[in-house]
Protein chains: 2
Amino acid sequence: MYNGENMTLLDEKQANQLAELFSALSDPSRVRIIATLLEGETNVGALAKIVGISESAISHQLRTLRQMRLVRARRQGREVYYVLDDAHVADIFQRSLDHIKHK
Amino acid sequence: MYNGENMTLLDEKQANQLAELFSALSDPSRVRIIATLLEGETNVGALAKIVGISESAISHQLRTLRQMRLVRARRQGREVYYVLDDAHVADIFQRSLDHIKHK
DNA sequence: CAAACACATGAGCTACTGCTCAAGTATTCA
DNA sequence: TGAATACTTGAGCAGTAGCTCATGTGTTTG
């Protein structure tokens with residue numbers, strides 16, 4: 001079961017992907033964005049107020065979440081509504097949240 | 001249900017804790033350390049070879065994992081063996097790994 | 001006890017991250 | 001059509017993270 005330079009069950013690519021996924025969830029602002037979106041579709045301005053940072057900052061964060069396909073955008077008039085776009089990650093997030101809450 | 005400056009279901013402290021948890025898993029080296037420990041107890045030298053970074057680097061990473069109580073150390077002679085010390089986080093990690101693998 | 005081995009730790013350097021600020025795009029409405 | 005609203009984006013800056021290198025601690029062995 002030789003896989004190059006190491007003997008881990010996961011290769012370098014998988015390790016990087018996994019780290020990248022957790023990185024997406026590793027910032028308090030993004031955590032709050034996702035927690036909010038768990039409740040349902042929300043637009044940028046509302047997210048800014050709820051999370052407590054500028055719209056610009058929210059927009060930058062949503063960009064990374066979008067690039068990772070964790071959220072999806074829908075424009076309605078001049079507002080842009082975001083939804084979670086990865087049920088499995090949402091599930092992982094919810095489980096982790098429960099973990100934090102119960103101790 | 002007023003909780004200060006925002007209306008999120010999770011307060012600032014919980015958001016920080018959750019972000020901190022994901023931060024612990026957000027680096028490829030730590031991901032590989034944890035993946036290795038999922039297979040069982042491992043000492044520092046072995047981890048260094050498997051992960052492919054120096055023993056010093058491994059030691060630094062284990063320190064943060066230790067401080068977060070995700071791993072636990074046991075000295076045996078001059079070697080130090082590490083084990084995962086949080087079943088729930090191990091479960092979350094495993095689920096996330098499966099998520100990455102299946103797509 | 002001295003030397004060798006296994007690991008831990010502190011300092012410091014580079015790379016990255018999340019913010020602000022200024023400017024740009026898209027949409028509505030007077 | 002032009003101003004206002006809602007969001008996006010790029011540049012730049014301060015704080016953080018992960019590494020190396022040197023040194024320190026704990027343990028075994030000659």
Side-chain angles (χ1 to χ4, degrees), chain A residues 5-6 12 15-37 41-83 85, chain B residues 5-6 12 15-37 41-83 85:
Chain A
E5 295 280 328
N6 70 85
E12 197 180 317
N16 288 339
Q17 284 180 322
L18 197 45
E20 203 181 354
L21 169 61
F22 288 127
S23 293
L25 311 174
S26 71
D27 170 72
S29 296
R30 282 193 300 274
V31 163
R32 302 183 84 164
I33 288 172
I34 294 171
T36 303
L37 295 183
E41 211 179 31
T42 315
N43 67 21
V44 178
L47 282 171
K49 280 175 190 156
I50 291 167
V51 175
I53 60 178
S54 73
E55 288 194 8
S56 173
I58 288 284
S59 216
H60 278 293
Q61 299 292 16
L62 286 171
R63 185 179 146 109
T64 46
L65 292 175
R66 232 166 43 218
Q67 285 169 340
M68 293 208 57
R69 304 196 174 284
L70 298 187
V71 303
R72 179 165 32 93
R74 173 180 73 82
R75 176 178 277 275
Q76 183 180 312
R78 36 189 169 193
E79 297 175 352
V80 177
Y81 287 82
Y82 281 83
V83 248
D85 196 28
Chain B
E5 294 281 328
N6 70 84
E12 197 181 318
N16 288 340
Q17 284 181 322
L18 197 45
E20 204 182 353
L21 170 61
F22 289 127
S23 294
L25 311 175
S26 72
D27 171 72
S29 296
R30 282 194 299 275
V31 163
R32 302 184 82 161
I33 289 172
I34 293 170
T36 304
L37 295 183
E41 211 178 33
T42 315
N43 67 20
V44 178
L47 283 170
K49 280 176 190 157
I50 291 167
V51 175
I53 61 178
S54 73
E55 288 193 9
S56 175
I58 287 283
S59 216
H60 278 292
Q61 300 292 17
L62 287 171
R63 185 181 147 113
T64 46
L65 294 175
R66 232 165 45 219
Q67 285 169 340
M68 293 207 57
R69 304 197 175 284
L70 298 187
V71 303
R72 179 165 32 93
R74 173 179 72 84
R75 177 176 276 275
Q76 182 179 313
R78 38 188 167 193
E79 296 174 352
V80 177
Y81 287 83
Y82 281 83
V83 249
D85 196 28

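In what follows, chains are A, B, ... by sequence order, proteins preceding strands, each numbered from 1.
Comparing dC7(D), dG18(D), dC7(C) by their nearest atom to the side chain of N43(B) picks out dC7(C). Comparing dC7(D), dC19(D), dC7(C) against the side chain of S59(B) picks out dC7(C) as the nearest. The side chain of R78(B) lies closest to dA4(C), out of dA4(C), dA8(C), dT8(D). Side chain of Q61(B), nearest nucleotide from dG18(D), dT20(C), dA6(D): dG18(D).
Rounded to whole Å, atom P of dT17(C) lies 16 Å from atom CD1 of I33(A). Atom C1' of nucleotide dT8(D) and atom CZ of R66(A) are separated by 8 Å, given to the nearest angstrom. Across the protein-nucleic acid pair, L25(B) atom CG and dA17(D) atom P stand 14 Å apart, rounded to whole Å. The nearest whole Å value for the distance from the CG atom in L47(B) to the C1' atom in dA8(C) is 14 Å. The distance between atom CG of L62(B) and atom C1' of dA8(C), rounded to the nearest whole Å, is 10 Å. Rounding to whole angstrom units, CD1 of residue I53(B) and P of dT20(D) are separated by 7 Å. dT17(C) atom C1' lies 19 Å from atom CZ of F22(A), rounded to whole Å. Between the C1' atom of dA6(C) and the CZ atom of R75(B) lies a distance of 7 Å, rounded to the nearest Å.
In this model, the phosphate group of dA6(C) is not approached by any side-chain N or O of Y82(B) to a distance below 4.0 Å at OP1 or OP2. Applying the 4.0 Å criterion to OP1 and OP2 of dG10(D), one finds that R63(A) has a side-chain N or O inside that range. Phosphate proximity of dC19(D) to S29(B): present, with a side-chain N or O under 4.0 Å from OP1 or OP2. Applying the 4.0 Å criterion to OP1 and OP2 of dT17(C), one finds that R30(A) has every side-chain N and O outside that range.
Base engagement by E55(A) is indicated by at least one non-hydrogen atom pair under 4.0 Å involving a base atom.
Between I58(A) and G77(A), it is I58(A) whose nearest contact on DNA chain C lies nearer the 5' terminus.
Applying side-chain contact (heavy atoms from CB on, under 4.5 Å) to T42(B) and the options V83(B), L47(B), V51(B) leaves one that passes, L47(B).
Two residues are said to be in side-chain contact when any heavy atoms from C-beta on lie closer than 4.5 Å; I50(B) and R32(B) fail this criterion. A 4.5 Å side-chain heavy-atom check between H60(A) and S56(A) finds at least one atom pair inside the cut-off. Looking only at side-chain heavy atoms (C-beta outward), L65(B) and I34(B) come within less than 4.5 Å of each other. When side chains are defined from C-beta on, V80(B) does not count as touching L62(B), because their heavy atoms never get closer than 4.5 Å.
On a pure distance criterion of 3.5 Å, a polar donor-acceptor pair joins the side chain of S56(A) and the base of dT9(D). Between the base of dT17(C) and the side chain of H60(A) there is no donor-acceptor pair shorter than 3.5 Å.
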